[in-house]
Amino acid sequence: MSLIALSAGFLPLLDSVLLVLAREKGFAAAEGLDLHLVKETSWANIRDRAALGHFDFAQMLAPMPIAATLGLNPLSVPMITPMMLGLGNNGVTVSAALWARLADAGAPATLAAGPVGAALKQVVASSEQKLRFGVVHQTSSHNYELRYWLMASGIVPERDIEIVVLPPPLLPEALGSGGIDGYCVGEPWNTVGVKNAGAHIATVKAAIWRSSPDKVIGMRAHWAEANSEIVAGLIRAVHHAAVWCGESTNHQEIAAIMAAPHYLGLPAEQILPALNGQLDIGGGVAASVPEHFVPYAGAANFPWTSHAAWFYSQMVRWGEVEHTADRARAAAMTFRPDVYRSALTPLGVPMPLADSKVEGLLAAPTEVPSTSGTLVIGPDGFFDGVQFDPDEVEAYIAAQRAA
């Protein structure tokens, strides 16, 4: 039987791993799919080529399909997200010089977002020149979580600190040359900054917003509707890859696969730390972050509409779109738990019965109603203790504007 050819764009980041494993370990072929992975150089290229139909689907930043659906992109077409590519993986990395100032201001080498943010506020207030931080794309989880962390720490982006956009692989080099003072990016580029630029990882996504998404499978809505069986097969293939990736006994092999030139093109020892949750954060300091990258456990691949709603709230917060009830609804519906459930129900995979949840409500691993068996999802708190109720988007936006 001939396989159905599928093309997918991706960027050289650890969380492309589920797509890579779907191809390299035969999970896609088992679903009748011949998966071609096309390595791109920037998220802008992914965004535009996906909209033009150069790819059937792509690894995307979680807010990108929302931005496309809301018409915020130069080439906007309605898109959907039927599956997440895991949770976490981002870090905020700073230069050695900035870390020395943060440490003098009381920042602990524990990755704790609150104390590090308080130290950064002191440094920003005493700096003669405005600090500059890099993110990978405007409509990225990196941009929104960095801004959220800064604002909750009393630092106003643009007024107090500059934020610029650079492709992920260029951020360590920009830091090393002094072009930026810090950046927010996914692995392995925080580890590369530590190894190659003498940088220091100041905090991580898992400390800012626990159990939060970063990368997704994104595709044009009309293509997904016309190819529903192919989409279901893709979801099943990536599901099997996620389960396999979640087994620690496979991490050495995964690092070796991802080290290939077509994927990350880096030594395997620079890929393993994020897989194992054992990070070298700089200066010879090791940190254990079990939640740093979660490829499968805790419904890590489930497309919660509340995650989409939170990203929408940040688009409104930063003036990218005017809030209306219709836009809020369209943004939330970009994430498609119904498509995810339909694909995996035949496998008996436990999945949440609810489509959304109050973000920041769970302080500990919690059992939730599921389609079958037991399903435990992880704590999902924001570091400042604020909760996000997707049914109260307007009130949340108003509170952020007041702040």
Side-chain angles (χ1 to χ4, degrees), residues 10-21 43 46 58-64 81 83-93 111 113 134-137 140-146 148-149 167-169 171-172 182-195 199 201-218 238 241-242 245-246 248 250-251 254-255 257-259 263-264 266 268 270-281 287-304 307 310-311 378-380 383:
F10 78 98
L11 247 60
L13 289 154
L14 176 65
D15 37 25
S16 65
V17 64
L18 302 190
L19 299 182
V20 172
L21 294 178
W43 288 116
I46 292 279
Q59 170 203 20
M60 291 187 180
L61 299 155
M64 284 177 67
T81 290
M83 188 176 193
M84 319 306 285
L85 294 174
L87 302 174
N89 190 46
N90 286 348
V92 178
T93 294
L111 304 177
V135 296
V136 302
H137 192 66
S140 67
S141 52
H142 313 68
N143 186 30
Y144 299 136
E145 70 203 29
L146 176 65
Y148 185 94
W149 176 58
L171 288 168
Y183 55 76
C184 183
V185 74
E187 280 293 302
W189 303 109
N190 298 288
T191 294
V192 170
V194 171
K195 299 294 185 185
I201 302 174
T203 190
V204 291
K205 183 181 182 71
I208 297 172
W209 178 17
R210 300 179 74 178
S211 301
S212 61
D214 190 41
K215 307 299 190 308
V216 304
I217 289 175
V238 177
C245 185
S248 60
N250 297 326
H251 287 175
I254 292 169
I257 292 171
M258 295 300 292
Y263 298 128
L264 297 183
L266 293 169
Q270 293 188 14
I271 301 168
L272 266 174
L275 285 170
N276 295 335
Q278 304 297 319
L279 302 178
D280 176 358
I281 64 174
S288 177
V289 191
E291 302 173 2
H292 184 72
F293 174 55
V294 183
Y296 175 68
N301 311 117
F302 187 78
W304 294 99
H307 286 165
W310 187 82
F311 288 126
D380 58 6
F383 84 99

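Keep in mind it's a predicted model, so treat the numbers as computed, not measured. Quick note: numbers below take in every heavy atom, side chains included, and nothing from hydrogens, waters or symmetry partners.
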Atom pair [atom1] ([X]) and [atom2] ([Y]), whose distance is rounded to the nearest 0.5 Å:
X: Asn89; Y: Asp15; atom1: CG; atom2: CG; result: 4.0 Å
X: Ile254; Y: Leu275; atom1: CD1; atom2: CG; result: 5.5 Å
X: Asp380; Y: Trp304; atom1: CG; atom2: CH2; result: 9.0 Å
X: Trp209; Y: Ser141; atom1: CH2; atom2: OG; result: 9.0 Å
X: Leu18; Y: Lys215; atom1: CG; atom2: NZ; result: 11.5 Å
X: Leu279; Y: Phe293; atom1: CG; atom2: CZ; result: 13.0 Å

Side chain to side chain, [X] and [Y], heavy atoms closer than 4.5 Å:
X: Leu13; Y: Trp189; value: yes
X: Leu146; Y: Asn90; value: no
X: Ser211; Y: Val294; value: no
X: Ile217; Y: Leu85; value: yes
X: Leu111; Y: Ile281; value: yes
X: Leu264; Y: Gln270; value: no
X: Asp280; Y: Lys195; value: yes
X: Tyr183; Y: Pro168; value: no

* Passes side-chain contact (heavy atoms from CB on, under 4.5 Å), Met60 versus Thr81? Steps please. -> CA-CA 9 Å; Met60 291 187 180; Thr81 290; over 6 Å; no
Review point. Does the pair Leu272 and His251 meet the rule for a side-chain contact (heavy atoms from CB on, under 4.5 Å), with working shown?
Key: CA-CA 7 Å; Leu272 266 174; His251 287 175; 4.0 Å; yes
For the pair Glu291 and Val204, evaluate side-chain contact (heavy atoms from CB on, under 4.5 Å) and give the outcome as yes or no after the intermediate values. CA-CA 10 Å; Glu291 302 173 2; Val204 291; over 6 Å; no
Backbone N/O of Val185 and side chain of Asn190: donor-acceptor pair under 3.5 Å = yes
Counting only N and O atoms by type, is there a donor-acceptor contact under 3.5 Å from the side chain of Lys205 to the main-chain atoms of Pro213? yes
Looking only at heavy atoms, which two atoms of [X] and [Y] are closest? And how far apart?
X: Ala242; Y: Pro295; result: CB-O, 3.4 Å
X: Trp43; Y: Leu61; result: CG-CD1, 3.5 Å
X: Pro169; Y: Pro12; result: CG-CG, 4.0 Å
X: Ala274; Y: His292; result: CB-CD2, 3.8 Å
X: Cys184; Y: Glu145; result: SG-OE2, 3.6 Å

Which label fits Tyr144 and Phe311: parallel for a plane angle under 30°, tilted from 30 to 60°, or perpendicular past 60°?
tilted
### Task
Any chance you could lay out the side-chain contact (heavy atoms from CB on, under 4.5 Å) test for Phe302 and Leu87, step after step, and finish with the verdict?
CA-CA 10 Å; Phe302 187 78; Leu87 302 174; over 6 Å; no
Across all chains, not counting sequence neighbours, the side chain to side chain contact (heavy atoms under 4.5 Å, CB included) partners of Ser16 are Phe10, Val20, Gln59, Met258
